[in-house]
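Take a look at the structure set out below.
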Amino acid sequence: MPSPPPSTLYLADLQSRGLLPPTQTTRIIASERTQPFSLHYELRALLYLGITLLAGGLDVLVYQHINTIGHGIIIALIAALMAACFTYAAPLPSPGGVASKTSVGADYLLLATCCWWCWWCWRVTYSTNTSFSATATGWPRRCRRWFSCR
């Protein structure tokens, strides 16, 4: 025999303490049985998990075949993907001159594209063996010569 749902046990506890009348308890139980149950958060969690697994799998696939794919193709693919996403997320002008509203999906797509921009910059610096950091230009050595603490 299956156990009753937790809400029924809570309602029975409240009723035994005298905090909830029996008529109200039966109305609440009937209302719970007739209302549909939302799976929104469970499906959203599965969607996020699927996206994470897809991104991880694609990352491993690219890592294993980087010599055959080539850095230039990866850089071009990311740049094309960013251009497409920026174009989609850009708000279209409305006829009245007032900026039109964008969808929530476009906002998240814009955020993801900015993250891809950072990854693209890293990929370009990695593949060309350049660096945007100050240590590549040698300025700490010059500063140590200028400001020696002896």
Side-chain angles (χ1 to χ4, degrees), residues 1-137 139-140 143:
M1 180 173 164
S3 64
S7 59
T8 307
L9 296 175
Y10 297 137
L11 290 173
D13 183 44
L14 290 173
Q15 188 178 1
S16 67
R17 292 182 188 178
L19 299 173
L20 195 63
T23 56
Q24 216 170 13
T25 305
T26 55
R27 283 186 195 165
I28 292 173
I29 291 173
S31 174
E32 278 188 359
R33 288 185 181 154
T34 58
Q35 290 181 354
F37 179 73
S38 175
L39 294 175
H40 174 75
Y41 295 110
E42 288 82 2
L43 292 175
R44 184 163 236 162
L46 285 176
L47 174 70
Y48 289 151
L49 179 66
I51 290 171
T52 303
L53 290 174
L54 175 69
L58 288 175
D59 190 33
V60 168
L61 183 70
V62 168
Y63 180 76
Q64 288 176 349
H65 300 288
I66 191 69
N67 293 332
T68 56
I69 296 173
H71 292 286
I73 293 176
I74 294 173
I75 290 170
L77 182 68
I78 295 170
L81 183 67
M82 284 188 320
C85 292
F86 275 136
T87 304
Y88 178 79
L92 299 174
S94 63
V98 179
S100 63
K101 293 179 106 179
T102 59
S103 67
V104 175
D107 293 341
Y108 284 119
L109 189 63
L110 183 64
L111 178 66
T113 308
C114 291
C115 292
W116 286 331
W117 174 261
C118 294
W119 188 41
W120 184 80
C121 290
W122 173 81
R123 175 59 68 183
V124 167
T125 57
Y126 177 75
S127 65
T128 57
N129 292 327
T130 60
S131 177
F132 295 126
S133 67
T135 56
T137 59
W139 71 266
C143 290

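Contact annotation: the side chain of I29 approaches that of T25 to within less than 4.5 Å [non-hydrogen atoms, C-beta and beyond].
Judged by distance alone, the side chain of S31 and the main-chain N or O of R27 form no donor-acceptor pair under 3.5 Å.
Note that CG of L11 and CG of L19 are 11.5 Å apart. Values are rounded to the nearest 0.5 Å. Distance check: L61 CG to I69 CD1 gives 6.0 Å after rounding to the nearest 0.5 Å. Atom CG of L43 and atom OH of Y48 lie 12.0 Å apart (nearest 0.5 Å). Separation of atoms CD1 (I73) and CD1 (I78) is listed at 12.0 Å; rounding is to 0.5 Å. Atom CE of residue M82 and atom OG1 of residue T113 lie 8.0 Å apart, to the nearest 0.5 angstrom. Atoms CD1 and CZ, on I28 and R33 in that order, are 12.5 Å from each other to the nearest 0.5 Å.
Within 6.0 Å of atom CH2 in W116, more than 12 heavy atoms from other residues, nucleotides or ligands are found, so the atom counts as buried in its surroundings.
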